[in-house]
Every structure is written in C-alpha cells, then in structure tokens.
K.L.:
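Have a look at this one.
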Amino acid sequence: VQLQASGGGLVQAGESVKLSCRASGFIFDDGYIGWFRQAPGKEREGVACISRADGSTYYIDSVRGRFIISSDSAKNTVYLQMNSLKPEDTAVYYCAADEDNKSLYSDGLPPSNYGSWGQGTLVTVSS
C-alpha cells in the first residue's frame, strides 16, 4: 500500500488549501481513508475520514463546516478541501488507510485504526 500526500503550503488566515492523497496497492473501493495532522509539540490527531464503500464522512468538531473530504475513485485519490483556515490549523498533514474497516466500529478518529500512512505535507497558516 502506498499513499502520497501533496498540496500543502503557506497561506494566510482565511484562505483555502486543497490537499490530495493518491493511493495505490490496495482495493480503493473499500475501507477508509483518513486525514490526520500533527502540530509542533502536539500529538497526531484525526481530522476527517471517508468511507470508500459508501462515501460517508466524519469530521472532528474543530474543522466541521470548514473542511471537506472527498474522493475520486477513477483517480484513486482522496482530497481535503480546507477553507477558512486558521493559524491553529498549522500542522503536517498525513493521509492514511484503514483497510480493515476498523473505523466502522470506532468512535472518533483514532490513528491506531490506520495501518498505512503516507508522508506528510506541511500546511502553514499565517495570521
């Protein structure tokens, strides 16, 4: 399984960024793809995830209404559209795959559900 994240950069507060996660090496139409982030000195936290089977989504409270996760099965790619960015959104963002559908039986977005990870992409939001 390979996941490749891209799209990060430096933006100002209030602006938007769209991250992409291209996946290969597994059945893309099953399982979950999640986006996670890790800010300096903080633990990695889940941001959003999407079920590849039915397209259902989940967001943490701090990004709900601002971020949108979507997928394009033809391109084997999952996107994270991040709008109205805030300085506290600054972090390295990672995408990951839960091939075993552990997320079906979990509350929240625990990183432990995800067995395959891509490299991170840095998003910096200046005030």
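A quick note: this is a predicted structure, and the numbers were derived from the prediction, not measured.
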K.L.:
Please name the pair of heavy atoms, one in Pro87 and one in Ser127, separated by the smallest distance, quoted to 0.1 Å.
P.N.:
CG-CB, 3.8 Å

K.L.:
Does Lys86 pair with Asp89 as a salt bridge, N-O distance under 4.0 Å?
P.N.:
no

K.L.:
Might you work through the side chain to side chain contact (heavy atoms under 4.5 Å, CB included) test for Ile60 and Arg37, ending with a clear yes or no?
P.N.:
CA-CA 12 Å; Ile60 58 172; Arg37 65 187 179 186; 4.2 Å; yes

K.L.:
Side-chain contact test, heavy atoms from C-beta onward, threshold under 4.5 Å: evaluate it for Tyr79 versus Ile68 and give yes or no.
P.N.:
no

K.L.:
Nearest 0.5 Å please: distance from the CD1 atom of Ile33 over to the SG atom of Cys49.
P.N.:
10.0 Å

K.L.:
For a quick test of reading the model, state the closest non-hydrogen atom pair linking Asn113 to Ser106 and the distance between them.
P.N.:
ND2-OG, 2.9 Å

K.L.:
Which pair of heavy atoms, one from Ser71 and one from Val78, lies closest together, and at what distance?
P.N.:
CB-CG2, 3.9 Å

K.L.:
Evaluate side chain to side chain contact (heavy atoms under 4.5 Å, CB included) for Ser116 paired with Leu3, printing each intermediate quantity in order.
P.N.:
CA-CA 8 Å; Ser116 300; Leu3 300 163; 4.3 Å; yes

K.L.:
Heavy atoms only: give me the nearest Val47-Val63 pair and the separation to one decimal.
P.N.:
O-CG2, 3.7 Å

K.L.:
How far does CG of Leu80 sit from OH of Tyr93, to the nearest 0.5 angstrom?
P.N.:
7.5 Å

K.L.:
I'd like to know whether CD of Gln81 has more than 12 heavy-atom contacts from other residues, nucleotides or ligands below 6.0 angstrom.
P.N.:
yes

K.L.:
Show the nearest heavy-atom pair for residues Arg52 and Ser73, with the distance to one decimal.
P.N.:
NH2-CB, 3.2 Å

K.L.:
Distance from Ser6 atom OG to Lys18 atom NZ, nearest 0.5 Å?
P.N.:
11.0 Å

K.L.:
Please round to the nearest 0.5 Å and tell me the distance separating atom OG1 of Thr90 and atom CG of Leu122.
P.N.:
8.0 Å

K.L.:
Please answer whether the main-chain N or O of Ile69 pairs with a side-chain N or O of Tyr59 as donor and acceptor at a distance below 3.5 Å.
P.N.:
yes

K.L.:
Search all heavy atoms of Phe36 against all heavy atoms of Leu109 and return the closest pair with its distance.
P.N.:
CE2-O, 3.6 Å

K.L.:
Working to the nearest 0.5 angstrom, can you tell me the gap between Ile50 CD1 and Asp98 CG?
P.N.:
13.5 Å

K.L.:
Assess whether side chain to side chain contact (heavy atoms under 4.5 Å, CB included) is satisfied between Phe67 and Val17, documenting all intermediate values.
P.N.:
CA-CA 10 Å; Phe67 291 10; Val17 166; over 6 Å; no

K.L.:
Look only at the side chain of Asp54 and the backbone of Ser56, and say whether a donor-acceptor pair between them is shorter than 3.5 Å.
P.N.:
yes

K.L.:
What's the separation between atom OG1 in Thr77 and atom CD in Gln4, rounded to the nearest 0.5 Å?
P.N.:
10.0 Å

K.L.:
For Ser103 and Tyr114, test the side chains for any donor-to-acceptor distance below 3.5 angstrom and give the result as yes or no.
P.N.:
yes

K.L.:
Would you call the rings of Tyr94 and Trp117 parallel, tilted or perpendicular if under 30° counts as parallel and over 60° as perpendicular?
P.N.:
perpendicular

